[in-house]
> 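Let me give you the structure first, and then I'll get to my questions.
In this chain, residues are counted from 1 in sequence order. Being a predicted model, the structure only gives us computed values, none of them experimental.
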Amino acid sequence: MTGATGGIGTALTDELLHRGRHVLALGRDLDRLNDLAHGRPGLTPVHADLEQPSKPAMAVESLPGPDTELKALIHCAGLSPVAPVADCPTDLWQRVMAVNLLSAAELIRLCLPCAGRSTNTGVRVSSVHPGGTATETLRRVRTDFGRPYDPDSCIRPATLARAIVDVLDLPRDAQITELHLSPGP
């Protein structure tokens, strides 16, 4: 899972571990990864800087062995800078595209040989579209836009994590292709 040290990523890590999964937690900040791993048996921290799309191969090399089956790849990392389009330098666009798209695509490509080894039904893909989720990133973005941030009016990261892991736990005879979550009333 990418973005494991963020607000949603940490909640997802905890939910996956709670349900008995082993988690390879990818992140660029080694100290935060080690803090996340502390007290969470079943979590393996993997240092990976997704701003460099050619580097995810090192993360895939962290899989325990050639016969390991990858049950899921969750791309939770993302950059969301707030800046007027007219003022965005090319390197900012490149960083955002590298983390939010290119590294995800490269990880998928690299992980496909490890996916679905025990089945012949193929790989399922689900897109999750959460509304405002009570994270530090949303607080920062709303503050940068001059909008109020009320975490009580947002989806809790643990709620979003449960919904995502429920999608992963769905039996093989069905698939949720898109999941849209909105904050409750």
Side-chain angles (χ1 to χ4, degrees), residues 1-28 36 42-46 48-80 93-133 135 137-138 155-183:
M1 178 175 58
T2 69
T5 60
I8 295 170
T10 298
L12 267 167
T13 296
D14 288 339
E15 185 65 22
L16 289 163
L17 292 171
H18 173 74
R19 296 198 197 185
R21 304 273 198 336
H22 179 85
V23 177
L24 294 174
L26 278 68
R28 66 177 166 206
L36 180 68
L43 185 144
T44 302
V46 179
D49 184 357
L50 299 184
E51 287 188 25
Q52 301 175 35
S54 61
K55 299 294 183 185
M58 291 185 290
V60 174
E61 291 171 2
S62 299
L63 291 172
D67 295 327
T68 299
E69 180 180 1
L70 182 69
K71 298 287 186 179
L73 172 63
I74 300 172
H75 182 60
C76 191
L79 296 180
S80 55
W93 287 109
Q94 289 171 334
R95 289 178 46 232
V96 169
M97 294 301 288
V99 172
N100 297 5
L101 177 66
L102 298 175
S103 287
E106 180 65 356
L107 279 169
I108 291 167
R109 185 186 73 77
L110 293 169
C111 288
L112 278 175
C114 300
R117 285 189 179 152
S118 66
T119 69
N120 291 315
T121 59
V123 176
R124 298 188 295 183
V125 176
S126 301
S127 296
V128 178
H129 308 275
T133 305
T135 63
T137 298
L138 182 63
I155 300 168
R156 290 180 296 137
T159 300
L160 176 58
R162 281 193 302 274
I164 291 169
V165 179
D166 284 346
V167 168
L168 295 175
D169 284 345
L170 195 65
R172 299 292 303 171
D173 65 326
Q175 174 179 356
I176 294 174
T177 56
E178 288 191 47
L179 177 64
H180 295 264
L181 284 89
S182 298

> Identify the two heavy atoms, one from A77 and one from L50, that lie closest to each other, and give their separation to 0.1 Å.
CB-CD1, 3.7 Å

> Report the distance from atom CD1 of I8 to atom CD1 of I74, rounding to the nearest 0.5 Å.
11.5 Å

> Check whether any side-chain heavy atom of V123 sits under 4.5 Å from a side-chain heavy atom of I108, and report yes or no.
no

> Under 3.5 Å, side chain of T44 to main-chain N/O of A25, donor-acceptor pair present?
no

> Taking V125's backbone N and O only, do any of them form a donor-acceptor pair with Q175's side chain (distance below 3.5 Å, no angle check)?
yes

> Tell me every residue that passes salt bridge (charged side-chain N to carboxylate O under 4.0 Å, His left out) with R162, counting only those two or more places apart in sequence or in another chain.
none

> Restricting to non-hydrogen atoms, name the atom on G7 and the atom on P157 that form the minimum distance, rounded to 0.1 Å.
O-CB, 3.7 Å

> Calculate, to the nearest 0.5 Å, the distance between atoms CG and NE2 belonging to L26 and H75 respectively.
10.5 Å

> Let me see the working for T2 and S103 under side chain to side chain contact (heavy atoms under 4.5 Å, CB included), right down to the final yes or no.
CA-CA 10 Å; T2 69; S103 287; over 6 Å; no

> How long is the straight-line distance from CG of L36 back to CG of D14, given to the nearest 0.5 Å?
7.0 Å

> Does D173 have any side-chain contact (heavy atoms from CB on, under 4.5 Å) partners at least two apart in sequence or in another chain, and if so, which?
P171

> For R21, what residues pass the side-chain contact (heavy atoms from CB on, under 4.5 Å) criterion, not counting sequence neighbours?
L16, R19, V165, L168, D169

> Run the side-chain contact (heavy atoms from CB on, under 4.5 Å) test against A163 and tell me which residues pass, sequence neighbours left out.
L179, L181

> Any side-chain heavy atom of R124 sitting closer than 4.5 Å to one from R172?
yes

> State the CG-CD1 distance between L12 and I164, to the nearest 0.5 angstrom.
4.5 Å

> Go through the structure and list residues passing side-chain hydrogen bond (donor to acceptor under 3.5 Å, both in side chains) with E51, not counting sequence neighbours.
R28, R95

> Look up atom OG1 in T133 and atom CD1 in I155, then write down how far apart they are to the nearest 0.5 Å.
4.5 Å

> Check salt bridge (charged side-chain N to carboxylate O under 4.0 Å, His left out) between D49 and all other residues, then give those that pass, not counting sequence neighbours.
none

> Can you tell me how far CD of E106 sits from SG of C111, rounded to the nearest 0.5 angstrom?
9.5 Å

> Is a side-chain donor or acceptor of T13 paired with a backbone partner of G9 at a separation under 3.5 angstrom?
yes

> Indicate the atoms forming the closest heavy-atom contact of G131 with P183, along with that distance.
CA-CD, 4.3 Å

